[in-house]
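Mind looking over this structure? Questions follow.
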Amino acid sequence: MIPVLLILIPAVTGLLSFFIPGAKGAKVWALISAIATLVVALYGVCTHKAAVAGVDASWLPAMGARFTLSMDGMARMLCALTAVSFPLVFGATYKNEYDKPGSYYALMLLLQAGLMGVFLASDALLFYFFWELALIPAYFLCSQWGGEKRIAVTFKFFVYTFVGSLLMLLGIIYLHGKTADQSFALQAFYSVKLSLTEQIWLFWAFFIAFAIKMPVFPFHTWQPDAYEQSPTGVTMILSGVMVKMGLYAVIRWLLPVFPEAVAKFDHLVILLCVIGILYSSLIAIRQDDIKRLIAYSSIGHIGLMAAAIFANQQIGMQGVMVQMFNHGINVIGLWIVADAIEQQLGTRKFSQLGGLAQKAPGLAILLVVMAFANIALPLTNAFVGEFMMFNGLFRYNVWMAAVAGISIILAAVYTLGMVQKVFYGNTVAATEHATDSSFNVKLVLAILAVGIIILGVYPQPVIQLTNDTVQAVITKIH
Amino acid sequence: MPIQYYIALASCLFCIGIVGVLVRRNAIIIFMCIELMLNAVNLLLVAFSKMYHGGAALSNATTTAGVDGQLFVFFIMVVAAAEVSVGLAVIVMMYRNVHSVDVNFLNRLKN
Amino acid sequence: MSNLVFLVPLFPLLGFLINGLFRKSLSKPMIGVIGCGALLASFVVSAILFGNVAAANRLHPGQPIPATVLFDFINVSSFKIQFAFLADQLSCLFLLIITGIGFLIHLYSTSYMHEEPTEHYGRYFAYLNLFVFSMLLLVLGANYLVMFIGWEGVGLCSYLLIGFWFKNDNYNYAAKKAFVMNRIGDLGFLLAMFWLLAKLGTVDYNQVFAKTALLSKTDITAITLLFFVGAAGKSAQIPLYTWLPDAMAGPTPVSALIHAATMVTAGIYMIARSNVLYSLAECTQHVIAIIGLATALFAATIAIKQNDIKKVLAYSTVSQLGYMFLGLGVGAYTGAVFHVMTHAFFKALLFLGAGSVIHAMHHEQDIRNMGGLKKYLPKTHLTFLLGCLAIAGIPPFSGFFSKDEILAAAYAHSPIYWGIGVATAALTAFYMFRLYATTFLGNFRGTHDQQHHLHESPAAMTIPLMVLALLSVSGGFAGVPEVLGGDHQLHGWLSGVITSEKTHHLEHSTEYLLMGVSVALAVLASVFAISRYSKKPELQEATGLGKVLQNKWYIDELYDAVIVKPLLKLADVLKNVVEKSGIDGIVNGVGKFVHYSSRQLRLLQSGLVGSYILVIVLSIVVLFLVFWNQSIILQFVQKIF
């Protein structure tokens, strides 16, 4: 029942939210809905009863598609991430004003429903359905409430990811034809027998879809633009949760289904990832816009996760699990800070900022925590994940790990550069009359900071939660 | 009369209709050409129906075989009538608006 | 009793939390009490631990001290790293140094930082406590991961404290530089850990040292070299030393605590801790010894021509760290640890003395504007003199014993090492007494206003100075070598941890000779410096080689031109060319191509009904033709494929 509720609550409340006229009402409604989902999700994470395990119902019998939801460790973890992020995002952007607030929050909630569905679906067609369902609200959110260049940018975002999705759909249909009982079930896909040539074609069809979503170099160019132009609340979800769809899908739908093709191309993929890590880190150094900097930094982090997935080591995979959750939290924190600055000062350019620490000490301290989490300082949550991922990568190939490791230096350069340019130094014209950010922003950031440190000191809960998935995937491949 | 005569006549009528639609620009003429094509089909349907019925009646005098062909003719006539009424109305409206019944003038949807 | 271990880092952590969270509501004395009290409590617990270890050592000599496991940090079926503390002889020694000197410096800070607004005062003590917490983690960790946590933690605190006055962009730049340079070293540390994990599946000290037989020669060399990269970053060795002099941007007590007495010695601690590994890697030891020597000499030459009181001390720190690495490289691990200890005493003393001078001079740091401070700051002057004597290696002050032990080991290894070492020692004595003479002797050269306000620092500042001076004078007696009739207690104390010390047997006469030469040179250099600079200090701008030295051999400029600028250029190219026109260009190109082709295809859609119908009719005709000639077409198709 829990998995159904996780999808149903945001979907239904989202649809109802279209009819809420006032801004206040819509905000409260969305916040209540998100918190309700969070409660259900936490219950689902904490209990191991059969009720949580899954749902299986007839859906499109003519095609052999079933409405199958299941919750293993990874799904639980990602559902928890989705459920945690939405209240935080709503809380942090509570004071922001949007046109047509009812529709905005409706689309946000529908987005949440889609994301939940992606993480829960155990049926390929259902998975595809939710995959697209998550994309559509994101498209409308970006194109309606975004920045100046939103139309062109969101068009690119949509078409780019959609091309990938269609490749995946082709792959799904082909696999469907190959399954023994003509079904879309995950287990049927796992046991399907494919020749190497078939595996290679299908591998690329799926991989490109997921690589665009993650994104992996060189499929990433939609991302900085999309992050920059989207309203920040949406960007938080895009980079905090939505990119995890790609990583999740690789672990769930790619590795176990095409093990031989993966073994054949892992070198190439990891090479792409490592190039991407360095490439995006270097570009991040030269950014003049907070949002673009975070976007490129995020590409680097995701690249590392992708590399660790394809390195195919248990410890690395476990690190990816930990990091998926932690990166979500950290990057949302960074976006909240960026949003707080933009809302108050009307600019995101480093060249127009400076000395904010004098005016907004609370925000500055919280940003420093987020920044150090971003560069994976020990005792922040990101360190554990990165440590394990680099470990896996190192076991796969020493040189790849060493080269990718340069990114931890570059990350320090650009992150501290950001902190320095925005918060330190003397005040400039834009920050002369700045004040500390409002209570809700600081509250959300403080919650995040506490979470960052707790998970950094004691990461064992996330590790244990996702242990079963890692074991299953690794055994399936080897 | 052998069936071939009917077929030949219907084909001729149909071709005249097609050529008319293709080459004429006056909407009313095009309309009439469409009617011509429809009626060529009607003629064929009736002719085949008669032929089929004649063959079947040799063994069984009370058979209704071939009636459905003629039935279809009525359908077509009804649809054609409806079409004429709507089509003519469109043409009249068009004439009122642009003072012309030239179909080539109606490419506004382009661009 | 060993369960007390967790208390040692807990107190500073609590101090950090209280001072950090309530910095606005607490009063300044309260903040000071909390900050110092946390350290004092820690010190007391450390002393108890030290006593325990000593007792255990007496009862069961040679038996290793067990680690205290707090919780599983990372536990994946195949892979387990615990959050565990190990308070053995080496850790306990460092605990005492850190908490003891840390406490004195906290005490000193209560007075030195008194002019700061309450909020920043609280922030300062919070950072300082956090630093001590990290440093304690570093030395208490029972495995390399916990050490690494502390390792990065101290880097963080160093960053925060260097940039403490965050309004100044230069300070922020220095802070960032320190952090990034440390990160370069940290990457080496991380890779070494990964290597250990990949080969041995553990980073636990005891297990790693027990399993060294499983490592190949290449493994050990690579691991030790990578760890050394980490140590070079943290302990400011060539080529990663340039951050340390810049780090003097922080408040002076911070320089004393972090950038002289404790954090920078982390690299030495780590290598001494891993002495079992290093003794197996001859190649690495050579590298360490050479880099240590080079750093010692190089930094000493720079220190000769610096005019900022803190910069001289900073380069002297780099140089002394080089000494310690020389000791490590020639296998004198105890000697290096000994020098860490004595250096902590006298360098903290010197920095705090410098702080006292700066305080009195109203934040003037240029020694050319000082002079004759002897009569205004008697206590500071006396303690500073003792510190100089100690660092110069004049017997019987502490620096003499530790430096001598390293030099003797270096001589046993290679007389060339010894020669360079002694030359550096002479340089050390020279620049220290140049500093001393220019600052305290001669006539006052500052402004009249400054002279009017000259005053001895308050007791909170002079008491730590006196305690440290006492330690600097007497600290050396913990390791009196056998040749001078001592029994080197430190050696015996550390024998349980440092098991692979290279023993060397020099003739007593040789040892006396070596000592004599180095002491004589040091005395000569000191006397020369005093006589030269007390009357006629160097006021004009240096020229020729002096100018090169004053500008630190232009190393910063070199790094800037060779590494930083090209990297930024590359980043620019990537951002503006590769990303925009390259990758995004291709993506947009695909879009544009589709757009263009559809524009062309659209011409078919002429809008003429007639042409549409013509196409329909023709298509129907073609379909009919195809239908009638199916078999022929199929045959044709089969023939092609």
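Just so it is clear: chains get the letters A, B, ... in the order the sequence lines come, proteins before strands, and each one is counted from 1. Values below: every heavy atom of this structure, side chains too, minus hydrogens, waters and symmetry copies.
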Self-check item: Heavy-atom contact with chain C under 4.5 Å, split by part of A/Ala152
Solution: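 Contact with chain C involves no heavy atom of A/Ala152 at all.
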
Practice problem: Answer with side chain, backbone, both or neither: which region of C/Phe73 has an atom nearer than 4.5 Å to a non-hydrogen atom of chain A? | Solution: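 When you check distances to chain A, atoms from both the backbone and side chain of C/Phe73 fall under 4.5 Å.
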
Quiz item: Is there side-chain contact between A/Phe219 and C/Ile583, with at least one heavy-atom pair below 4.5 Å?
Solution: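 Side chain of A/Phe219 against side chain of C/Ile583, heavy atoms only: no contact under 4.5 Å found.
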
Practice problem: Tell me, out of A/Val384, A/Ile315, A/Leu379, who's got the most heavy-atom pairs with chain C below 4.5 Å. | Solution: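 Looking at each option in turn, the highest pair count goes to A/Ile315.
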
Self-check item: Side chain, backbone, both or neither of C/Leu568 within contact of chain A (heavy atoms, under 4.5 Å)
Solution: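 Both parts, backbone and side chain.
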
Self-check item: Closest approach of A/Ala402 to C/Leu187 (non-hydrogen atoms, all atoms of both residues)
Solution: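 Heavy atoms only, the tightest pair is O-CD2, 4.4 Å.
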
Practice problem: Determine the option with the most heavy-atom pairs under 4.5 angstrom with chain C, choosing from A/Ile463, A/Val368, A/Val159. | Solution: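 Heavy-atom pair counts peak at A/Ile463.
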
Quiz prompt | C/Val578 vs A/Ile283, side-chain contact (heavy atoms from CB on, under 4.5 Å): CA-CA, chis, key distance, verdict | solution = CA-CA 10 Å; C/Val578 179; A/Ile283 291 186; over 6 Å; no

Exercise. Let me know if A/Leu416 has heavy atoms under 4.5 Å from chain C in its side chain, its backbone, both or neither.
Key: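 Both backbone and side chain.
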
Quiz item: Is there a side-chain contact between C/Leu190 and A/Ile408, using heavy atoms and a 4.5 Å cut-off?
Solution: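 Answer yes - side chains close enough.
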
Quiz item: Within a strict 4.5 Å, meaning less than it, do heavy atoms of the A/Val457 and C/Phe71 side chains meet?
Solution: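 SC-SC contact between A/Val457 and C/Phe71 confirmed.
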
Self-check item: Ring centroid separation C/Phe148 to A/Phe387 under 6.0 Å
Solution: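 They do not qualify: ring centres at least 6.0 Å apart.
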
Self-check item: Side chain, backbone, both or neither of A/Ile285 within contact of chain C (heavy atoms, under 4.5 Å)
Solution: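 Contact with chain C: side chain only.
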
Short donor-acceptor contacts under 3.5 Å linking chain C with chain A:
from     : atom 1 : to       : atom 2 : distance (Å)
C/Asn75  : N      : A/Gln460 : OE1    : 3.1
C/Asn75  : O      : A/Gln460 : NE2    : 3.0
C/Ser77  : OG     : A/Gln314 : NE2    : 3.2
C/Ser77  : OG     : A/Gln471 : NE2    : 3.2
C/Ser78  : OG     : A/Gln314 : OE1    : 3.2
C/Phe166 : O      : A/Gly425 : N      : 2.7
C/Arg183 : NH1    : A/Ile375 : O      : 3.0
C/Arg183 : NH1    : A/Ile408 : O      : 3.1
C/Arg183 : NH2    : A/Ile375 : O      : 2.9
C/Leu197 : O      : A/Arg395 : NH2    : 3.3
C/Asp572 : OD1    : A/Arg286 : NE     : 2.9
C/Asp572 : OD2    : A/Arg286 : NE     : 3.4
C/Asp572 : OD2    : A/Arg286 : NH2    : 3.1
C/Lys575 : NZ     : A/Arg286 : O      : 3.2
C/Glu579 : N      : A/Tyr279 : OH     : 3.3
C/Glu579 : OE1    : A/His220 : NE2    : 2.9
C/Glu579 : OE1    : A/Tyr279 : OH     : 2.4
C/Glu579 : OE2    : A/His220 : NE2    : 3.1
C/Glu579 : OE2    : A/Tyr296 : OH     : 2.6
C/Asp584 : OD1    : A/Lys156 : NZ     : 2.6
C/Asp584 : OD1    : A/Thr221 : OG1    : 3.0
C/Asp584 : OD2    : A/Lys156 : NZ     : 3.1
C/Asn588 : OD1    : A/Lys156 : NZ     : 3.4

Quiz item: Is it the side chain or the backbone of A/Ile365 that comes within 4.5 Å of chain C heavy atoms, both, or neither?
Solution: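 Side chain only.
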
Exercise. Measure C/Met193 against the heavy atoms of chain A and call it side chain, backbone, both or neither at under 4.5 Å.
Key: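 The side chain, not the backbone.
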
Self-check item: Contacting moiety of A/Phe155, where chain C heavy atoms sit under 4.5 Å
Solution: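 Contact with chain C is absent: no heavy atom of A/Phe155 under 4.5 Å.
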
Quiz item: Which bit of A/Phe394 is near chain C, if near means a heavy-atom gap under 4.5 Å: side chain, backbone, both or neither?
Solution: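 Side chain only.
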
Practice problem: Measure the shortest side-chain to side-chain distance between A/Val419 and C/Phe166 over non-hydrogen atoms and say whether it is less than 4.5 angstrom. | Solution: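 In short, these two side chains do not touch, never coming nearer than 4.5 Å.
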
Practice problem: Heavy-atom distances under 4.5 Å only: say whether C/Val590 touches chain A with side chain, backbone, both or neither. | Solution: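 Neither part.
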
Quiz item: Within a strict 4.5 Å, meaning less than it, do heavy atoms of the C/Leu567 and A/Leu410 side chains meet?
Solution: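 C/Leu567 vs A/Leu410: side chains touch.
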
